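What follows is a short report on a single structure.
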Amino acid sequence: MTFESEWQRQNVHGIKDIQRQHLELHESFVRHLERMKDMWKDCLCLILQVRGSGPLRPTSEAYRLQGRVITVLDRFVRLAQRQPRKAFFIYEGEVHTYGDVDRRSNRVAQVFLRHGGLEKGDTVALLMGNEPDFIHVWFGLAKLGCVVAFLNFNIRSRSLLHCLSSCEPKILVVGADLLGTLEEILPDLQKDVSVWIMTKDSALPSVHTLLDKIEAASEDSVPADRRSANNLKSSALYIFTSGTTGLPKAAFISHMQVLKGSAGLWAFGATPEDIIYITLPLYHSAASLLGIGGCIELGATCVLRKKFSASQFWNDCRKYNVTVIQYIGELCRYLCNQPVKEGEKNHKVRLAIGNGVRNDVWREFLDRFGSVKICEFYGATEGNICFMNHTGKIGSVGRTNFFYKLFFPFDLIKYDFQKDEPVRNKHGWCEKVKKGEAGLLISRVNAKNPFFGYAGNKRHTEKKLLCDVFKKGDLYFNTGDLMIQDQENFLYFWDRIGDTFRWKGENVATTEVCDVMVMLDFIQEANVYGVCVPVKLMTKIQILLILKENTTLDLEQMYKQVVTCLPSYACPLFLRVQQTMEMTGTFKQQKFRLVDEGFNPSAITDPLYFLDRSKQAYVSLTKEVHERILSGQIKL
């Protein structure tokens, strides 16, 4: 090789080195810019959460300093005066303006002011579906200073009576389409509860009609001092927990929480020009606080639907020029399960705001329905902490940083699934998990981040609090949720502690098992839960399966899937097959009854199967197999 050719070779390598270094510097610079952009988004998000108010009014903190408390209802009344002809909500094609809603809610207030005998601070329970008069009655009662309890219209009988007794209402208002539910509980309803129904006449004894009185009532507003709040921590609503693992609990919702909830749409970038589509039940905080409250916060318009319909969802969005949609639980998956149609990306939706979407559904939703920004957040109805994913990181519920924890102190701590309690060291203190490990999310309770608890049972409130966590006298809200924080400080929901259990020294997350099962092409839906096996009081995994149409359960493929993709301790021991999945009103899988029923083939008519490791297959769970399991003849 000549000197010249050697020089050329080295020179070429030198140029390539320089080009590589420039490329690495460029990529590093881009990553730095992305981090800076995300940091500013984090800061903005934090500011919004600390403020807890919208762009058209001073902060709630400022009002308190001036000796005034301005509520979301006050904001609505002011908007009704400023923009009375603007559409507040559209229901079944009919437009209800801010002025319309203000006047009709005044009529409701006048009826109960004259006939109801209500005093400021009294509780009124509302059992109604999604319809205009839900909002009119809610606002009318709020104008009288009443605390309104939103009842889940899906629950019946004993559960409904439990909810009523826990919030102790003076009046129960029932929608016209729920009279059958009312008749079931009427004989057992406390005699001091006055019942009103949204009809003009009634054949039920001792039941008052409301619709005829509303139509005859005055539209004059009641004195503003009736609705005025003494402070932001006073009660505004009772919203019941979903009751996925037990009977619902009535969570105290303060005016402060209503204000914070109503700021959610704005915090994610919604504007007064947006049209928000609300298909979730109004008795749930997502629809009432984030949806209706969020529209009031913005002065925007929403489209209210009586019931979610996957087949009509995008048609409605196109018909009403919807730009923001709400989701919760499995709603996005229902949309993805619809048959593919031409023009699915032909809509104006730009934001989807909610929580509980799975990673695989998240990706499919974006691929199928176009450039919709999914804004996932985390927050419990009664909780004192919230995370918001404003960066679009798939799977994450948000991100934390040093400044966030100054305002909203929280930690992820070790949890003992066998004892069903946080791990405490020899000194009695809880221990934090490392990044990348699942830990129980707890949030510090203090004056700025209070926990208001539940009505009707002091024990439920005390159970949600952890004392002496890291030092004597500290107090934390136990969310009951397991989370993971990664190296970039993104947070991910892992599981509920009631859905997670310990087997052979390992933590089993139902979400992990579910993700593996739905990968099978014949599985439509899976519900994973733990059942108690009387032998040594063990808890083992059972899974309820819903098959896709025109498919059959392939037990051989099922066995291969679980043993290949799951550790042995996480393989479902029992399978149960049903036609439909029982859900809560907010699209969460119902587990409470399933856990109770267990795996007894004598009591369950659904097909049951058992993982027989000796045969390396799932086999039918017969009465004989069941007896051998209980007697200990079959080793688990």
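For clarity, every value in this text was computed on a predicted model and none was experimentally measured. Below, all heavy atoms of this structure are taken into account, side chains as well, without hydrogens, waters or symmetry copies.
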Is a side-chain donor-acceptor pair under 3.5 Å present for [Y] with [X]?
| X | Y | result |
| --- | --- | --- |
| Thr400 | Asn489 | no |
| Asn389 | Thr391 | yes |
| Asn355 | Tyr327 | no |

Aromatic ring pairing [X]/[Y], orientation class (parallel under 30°, perpendicular over 60°, tilted between):
| X | Y | answer |
| --- | --- | --- |
| Phe134 | Phe150 | tilted |
| Tyr618 | Tyr559 | perpendicular |
| Phe365 | Trp314 | tilted |
| Phe451 | Phe477 | tilted |

Is there side-chain contact between Asp521 and Thr551, with at least one heavy-atom pair below 4.5 Å?
no

NZ or CZ of Lys393 within 45° of Phe490 ring axis and under 6.0 Å
yes

More than 12 heavy atoms of other residues, nucleotides or ligands under 6.0 Å from CD of Gln616: is that the case?
no

Please indicate whether Lys348 has more than 12 foreign heavy atoms, meaning atoms of other residues, nucleotides or ligands, lying under 6.0 Å from its NZ.
no

Aromatic contact between [X] and [Y], with the criterion being ring centroids under 6.0 Å apart: yes or no?
| X | Y | result |
| --- | --- | --- |
| Tyr283 | Phe153 | yes |
| Tyr238 | Tyr454 | no |
| Tyr334 | Phe313 | no |

Side chains of residues 621-628: which donor-acceptor partners sit under 3.5 Å, not counting sequence neighbours?
{"unit_1": "Thr622", "atom_1": "OG1", "unit_2": "Val625", "atom_2": "N", "d": "3.2"}

Presence of salt bridge, Arg333 and Glu525, under 4.0 angstrom
yes

Do NZ/NE/NH1/NH2 and the carboxylate oxygens of Glu597 and Arg576 come within less than 4.0 Å?
yes

Can any side-chain N or O of Gln326 pair as donor or acceptor with the backbone N or O of Ala286 at less than 3.5 Å?
yes

